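To find a chain, count down the sequence lines: A is the first, B the second, and so on, and within it residues start at 1. Note that the structure is predicted; figures quoted are calculated from it, not measured.
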Number of protein chains: 2
Amino acid sequence: MAMKGREIILGILQSGPHTGYEINDILQTRLSHFFDATFGMIYPTLKKLEAEKLVTKQQISQTDRPNKNIYTITEVGQAEFSKAIGAPTSDEILKSDFLMHLYFSQDLPKDQVTVFFQEEIARKEVKLVTLQAQLATWIENGMTERQKVTFDYGIAYYTATLAVLKKAVKSNQ
Amino acid sequence: MAMKGREIILGILQSGPHTGYEINDILQTRLSHFFDATFGMIYPTLKKLEAEKLVTKQQISQTDRPNKNIYTITEVGQAEFSKAIGAPTSDEILKSDFLMHLYFSQDLPKDQVTVFFQEEIARKEVKLVTLQAQLATWIENGMTERQKVTFDYGIAYYTATLAVLKKAVKSNQ
DNA sequence: TAACGCATGTAACAGGTTACATGATTTA
DNA sequence: TAAATCATGTAACCTGTTACATGCGTTA
């Protein structure tokens, strides 16, 4: 059984207390190339985690900004997380809507396919730049050697697939 | 809205009538690097598609093997598929349980992490070999230029990430 | 004045997963 | 004789998605 939203959030809280908003930010910047999350998943999960005593909530009132809830992992939460991190890893899952379209695009006009290519290239370039831009601050705030591998993996992935896409869009024209 | 199971199955049926078993086979060999399916999804989807008249079912009795159902796409199904294939593509989604483990592995012993690396490398090598082995028969049975791009994408992806993984497992030892 | 950042939450729903159930023939 | 191939299906469940709802302060 792969690690799900609950374990990911527990994992992020291991590096210190955070709000749901901050958890989302970490997910969007540093883990976005191998996991994706939305607020619609984060807040309900945090609520369940609190009900199960895996995290505790501290409410902070703010005047200039909305009030916030800071979540801290408990010992029970730590134990649950340790169990999950030691469990065997499962298969990676990639769902590419772009490749799906391309695979079945035999009846689409060339121009339409070119647009799909360009959109996918643009998306990947944004992802690549976002990830690369993270590196400096990430190292400052403490990046482990193992986390560096997840970073390298993302860069290699985007770089290699962008090359294929850019070559293909040329021969499509 | 990304293409879901129903559109994928409709897409496969565009290249001719197939059984659920055959659909699974195509998915596991040629599309497995960007989509994954299970029988638990395929058969119920086929049933819904038939109820909605997007496909028709022909029952074939066999003596030496189990009976089978051959599904054929209808005109309504064609129309639905054309609509889906022309719609904008959405973001790719990658979920890597291995990278998740690696990212949060600070408390795991080196040996355990090495095992995770080796397992992931083995999985990817199998995927790479399976995909490469498909090429010859795929070309014979008709592979479009665009499908060739999805193939190249998969090869580039596995090759690039395997290189990162192999380098990292060495420095981990 | 529009957009963005901060900040949280719910309800309905869709979609797929997992586990189970069956069984003959062929290949290693 | 164990395992793989062919072949289909259901039921319960889980997890996450989408859309909606609110609202102030700051920056462009």
Under 4.0 Å between a Lys/Arg side-chain N and an Asp/Glu carboxylate O for A:Glu50 and A:Lys47?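 Salt bridge: no.
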Do the side chains of B:Lys127 and A:Glu92 get close enough for a salt bridge, i.e. N-O under 4.0 angstrom?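 Salt bridge flag = no for A:Glu92 with B:Lys127.
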Between A:Leu94 and B:His33, what is the shortest heavy-atom contact and its length?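 So the two residues come closest at CD2-O, 3.1 Å.
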Taking [atom1] from [X] and [atom2] from [N], how many angstroms apart are they, rounded to a whole number?
{"X": "A:Met1", "N": "C:dT18", "atom1": "CE", "atom2": "C1'", "result": "7 Å"}
{"X": "B:Asn24", "N": "C:dT17", "atom1": "CG", "atom2": "C1'", "result": "14 Å"}
{"X": "B:Ile23", "N": "C:dG16", "atom1": "CD1", "atom2": "P", "result": "14 Å"}

Would A:Ile93 end up clustered with A:Phe98 when hydrophobic side chains under 4.5 Å apart are linked, directly or stepwise?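 They do not share one cluster, since no chain of ILVMFWY contacts under 4.5 Å joins A:Ile93 to A:Phe98.
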What pairs meet the ring-ring contact (aromatic ring centres under 6.0 Å, His included) rule with one or both residues in residues 146-173 of chain B, with sequence neighbours excluded?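 Found A:Tyr157-B:Tyr157.
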Reading 5' to 3' through nucleotides 2-11 of chain C, protein heavy-atom contacts under 4.0 Å coded B for base, S for sugar-phosphate only, - for none: ---SBBBBB-
Establish, for the pair A:Lys95 and B:Phe34, whether the NZ or CZ atom is under 6.0 angstrom from the six-membered ring centre and no further than 45 degrees off its axis.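 Output no; distance or angle outside limits.
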Which atoms of nucleotides 13-16 of chain D (N or O only) lie under 3.5 Å from a protein N or O atom, and what are those distances?
{"from": "D:dG16", "atom 1": "OP1", "to": "A:Gly5", "atom 2": "N", "distance (Å)": "3.1"}

For the residue pair B:Gln58 and B:Thr72, establish whether any side-chain heavy-atom pair is separated by less than 4.5 Å.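 No. Closest side-chain heavy atoms not under 4.5 Å.
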Is any side-chain heavy atom of B:Asn69 closer than 4.5 Å to one of B:Leu46?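 No, side chains not in contact.
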